[in-house]
Amino acid sequence: MISVEDYDFIIAFDTSDPNARDAELKEHPYQAAKTFLNLLSHVSRDQTIQYILIMIDDMLQEDCSRVELFREHSSRKHESLWGPFLNLLNRQDGFIMNMTSRIIAKLACWSHDLMEKTDLQFYLTWLKDQLKLSFEALQDTSLHAGIDQGNGMDKEANELRELQNPVNISYFILFVHTHSNNEYIQSVARCLQMMLRIDEYRFAFVSVDGISTLLSVLTGRVNFQVQYQLIFCIWVLTFNPLLAEKMNKFSVIPILADILSDSVKEKVTRIILAVFRNLIEKVEDGQVAKEHCIAMVQCKVLKQLSILGQRKFDDEDITNDIDFLNDKLQASVQDLSSFDEYSTEVKSGRLEWSPVHKSGKFWRENASRLNEKNYELLRILVHLLETSKDPLVLSVASFDVGEYVRHYPRGKHIIEQLGGKQRVMQLLGHEDPNVRYEALLAVQKLMVHNWEYLGKQLEKEQTGTSGASGMKPGTQVPAKA
C-alpha cells in the first residue's frame with residue numbers, strides 16, 4: 001500500500017525518543033511531509049489515520065518551525081497544502097475531524113505564509129458550524145452541567161503565553177474523544193483562540209458571522225472553561241480598532257456584563273475585564289468609546305467593579321483593569337447627558353423604565369433627535385417591537401414610539417414609513433396586559449395627533465391665517481401627520 005521510502009521513514013520516525021525523531025527529520029527533512037501526506041491520501045482505516053494525525057501533531061508541537069516542511073513540500077509539488085487536511089474535516093469520526101482541525105490551525109498560524117482566502121473561509125466556517133453543533137449537542141443531552149470544571153485546562157495561568165509556546169495536548173484530545181457528549185467544543189474553541197490572534201484571520205471570521213455564533217453560545221449554559229475560551233476569542237478580536245468599534249453592535253457588553261456578575265472563576269473575570277478595557281482603549285473614535293462606557297454603566301458594571309475592588313487578586317492585571325475601568329466609567333457618568341443615556345440604552349436593546357423615558361422635558365427637548373443618522377434610534381425601536389420577546393422591552397418601546405409621535409409634528413408619518421404603527425397595533429393582542437396597555441396608549445397618541453393637526457389646520461383656515469388664498473371654511477385638508 002505504501003512505498004519503501006515511506007515505510008523506512010515511518011519505522012525510523014515512530015519512536016518515543018525525541019532526539020531520534022529530530023535526527024531523522026534533519027537527515028530527511030522533506031520526507032516527513034511527503035510520507036505523512038501520502039499516508040493520509042492512501043489509508044482509509046480510521047484507527048490508522050488517527051495514529052498518523054497524532055504523530056503529525058506531536059511533531060509540530062515539538063518544534064513550531066516544522067510547519068515549513070509541509071509548506072515547502074507543497075510548493076515543490078505545486079499542490080495545495082490544505083486539500084488533504086480539509087478533506088478530513090468531512091470524515092464521520094469526531095476524533096479525526098478535531099485532530100485535523102488542530103493541525104490546520106497550527107499550520108495556518110505558525111507558517112510564514114498566511115492561509116489562502118478560499119481555504120481560510122472554508123475552515124473558519126467549519127469551526128463556526130462545529131462550535132454551534134457542539135453547543136447544541138450539549139444542550140440536548142444536558143450533560144454539560146456535570147462536566148468536571150476542574151480539569152487540567154484550568155491550570156492555564158497565561159493563555160497567550162501558552163499559545164506562543166505550545167505544549168503537548170494529544171492526551172487531552174484522547175480524553176475528550178472518550179467523552180462524545182462533549183463534542184469537542186473545547187478543542188474547537190482552542191483552534192479559534194489560535195486563529196484569531198492573527199489580524200487577517202479576524203476579518204475573515206467576522207465575514208462568516210463568527211461573532212454572532214460566539215455570543216449565541218456564551219448566552220447559553222456552558223461551563224466556565226468554554227466561557228473563558230470564547231471570551232478570549234472576543235478579547236483578541238478587540239485588539240483590532242475597527243472590530244473594537246463595531247463589537248457592541250452584537251450586544252457584547254450586556255452579555256459579558258451578565259457573565260461577570262455570575263462568574264466565580266478568576267480567569268473568566270480577568271478576561272472579561274480585559275475585553276471591557278479594549279472596548280474603551282483600542283477604539284479610535286472617542287464618541288464610540290464614550291458609548292461603550294455608557295453601555296457598561298447601564299449594564300451595572302460599576303457595581304460589579306465595586307464588588308471586585310473589595311477582593312484581593314494575585315494577578316496585578318485584574319487590579320489595574322478594575323482601576324482603569326472605574327476611572328473611565330465614573331468620568332462617563334459625570335459627562336452623561338440624558339440623550340446619551342437614552343441612545344445607549346436603545347442601542348443595547350435592553351429597555352427598562354429608567355427616568356428618562358417618563359420625562360416630559362426629555363421628550364420636548366429631544367424628540368427630533370431620534371431622526372438623526374437616518375432615524376437610527378427609531379429603526380431600532382421598531383425592530384425591537386418586531387423581534388423582542390421581553391414584555392418589558394415591548395412596553396417601553398411602545399411608550400417611546402407614542403411619546404415621539406406626541407412631541408414631533410411629523411412623527412406619525414415617519415413611524416408609519418418605518419412600519420412602527422403596524423407593529424404597535426399588533427401588540428394590542430399581546431398576552432401580557434402591560435404590553436397591551438402601552439400599545440393602546442401609543443395607538444391613541446397616533447390617532448389623537450391626527451385630530452390635533454387637522455383641528456389646527458381648520459382653525460387657521462377659518463381665521464384666514466393659513467396664507468392660502470381662495471380657501472373656504474370646510475375645505476378638506478390632507479392630513480399628512
Side-chain angles (χ1 to χ4, degrees), residues 248-249 287-288 290-291 293-295 297-298 332-333 335-388 390-428 430 434-460 466 477-481:
N248 202 39
K249 294 185 184 297
Q287 181 60 35
V288 174
K290 181 180 178 181
E291 290 177 0
C293 288
I294 298 170
V297 170
Q298 291 181 329
S332 72
V333 169
D335 297 336
L336 187 62
S337 73
S338 58
F339 186 76
D340 290 332
E341 181 183 352
Y342 178 78
S343 175
T344 306
E345 182 182 336
V346 171
K347 290 177 181 178
S348 75
R350 295 189 169 196
L351 301 181
E352 56 186 51
W353 289 117
S354 53
V356 68
H357 295 278
K358 292 297 184 73
S359 168
K361 181 175 182 291
F362 169 79
W363 288 107
R364 285 192 300 273
E365 294 176 352
N366 295 290
S368 62
R369 296 196 63 183
L370 271 65
N371 301 332
E372 294 175 358
K373 298 182 181 179
N374 193 26
Y375 310 107
E376 179 184 21
L377 296 181
L378 288 176
R379 293 180 189 275
I380 295 174
L381 286 174
V382 173
H383 179 71
L384 291 174
L385 289 173
E386 182 179 4
T387 60
S388 180
D390 187 342
L392 178 59
V393 172
L394 294 174
S395 297
V396 178
S398 297
F399 177 83
D400 286 1
V401 167
E403 287 297 276
Y404 167 75
V405 169
R406 190 159 74 96
H407 288 88
Y408 184 67
R410 295 186 63 250
K412 176 182 178 294
H413 178 67
I414 294 169
I415 288 295
E416 284 183 345
Q417 284 188 324
L418 297 177
K421 180 180 178 181
Q422 179 185 356
R423 303 301 175 197
V424 172
M425 295 188 74
Q426 288 175 345
L427 294 177
L428 292 173
H430 196 275
N434 293 318
V435 175
R436 292 198 303 269
Y437 175 74
E438 295 299 340
L440 178 60
L441 289 182
V443 170
Q444 288 176 343
K445 291 170 186 175
L446 283 162
M447 301 304 294
V448 168
H449 193 72
N450 254 348
W451 292 108
E452 287 178 351
Y453 180 88
L454 183 59
K456 289 178 181 178
Q457 293 299 316
L458 291 173
E459 184 180 349
K460 287 180 181 180
S466 65
V477 179
K480 294 183 179 180

* Any side-chain heavy-atom pair from Glu352 and Val396 closer than 4.5 angstrom? -> no
* Asked: What heavy-atom pair brings Ser398 and Leu427 nearest, and what distance separates the two atoms?
  -> OG-CD1, 3.5 Å
* **Nearest-0.5 Å distance that lies between atom CD in Glu341 and atom CD in Gln298** => 5.5 Å
* Taking the inter-plane angle between the rings of Phe339 and Phe362 on a 0 to 90° scale, is it parallel (under 30°), tilted (30 to 60°) or perpendicular (over 60°)? -> parallel
* How far apart are the closest heavy atoms of Leu394 and Leu385, and which atoms are they? -> CD2-O, 3.7 Å
* Asked: Are Lys421 and Val443 close enough that some pair of their side-chain heavy atoms sits under 4.5 Å apart?
  -> no
* Kindly check if the number of other-residue, nucleotide or ligand heavy atoms within 6.0 Å of NE2 (His357) is above 12? => yes
* To do: Show your working on side-chain contact (heavy atoms from CB on, under 4.5 Å) between Leu440 and Leu428 and close with a plain yes or no.
  => CA-CA 6 Å; Leu440 178 60; Leu428 292 173; 4.0 Å; yes
* To do: Go through the steps to decide whether Tyr404 and Leu378 satisfy the test side-chain contact (heavy atoms from CB on, under 4.5 Å), and finish with yes or no.
  => CA-CA 9 Å; Tyr404 167 75; Leu378 288 176; 3.5 Å; yes
* Asked: Does the distance from a Lys or Arg side-chain N to an Asp or Glu carboxylate O, for Lys358 and Glu403, drop under 4.0 Å?
  -> no
* To do: Before giving the answer on side-chain contact (heavy atoms from CB on, under 4.5 Å), spell out for Glu291 and Asn248 the whole-Å C-alpha distance, their side-chain angles and the decisive distance to 0.1 Å.
  => CA-CA 9 Å; Glu291 290 177 0; Asn248 202 39; over 6 Å; no
* How about Val346 and Leu351: do any of their side-chain heavy atoms sit closer than 4.5 Å? -> yes
* **Glu345 backbone acceptor or donor facing Ser348 side chain under 3.5 Å** => yes
* To do: Determine whether Ile414 and Tyr375 make a side-chain contact, defined as any pair of heavy atoms from C-beta on separated by less than 4.5 Å.
  => yes
* Asked: Taking the six-membered ring for Trp, are Phe399 and Trp353 parallel (under 30°), tilted (30 to 60°) or perpendicular (over 60°)?
  -> perpendicular
* Shortest non-hydrogen separation from Val405 to Lys445 and the atoms involved -> CG1-O, 4.0 Å
* Asked: Do side-chain atoms of Arg379 reach the backbone of Asn374 as a donor and acceptor pair under 3.5 angstrom?
  -> yes
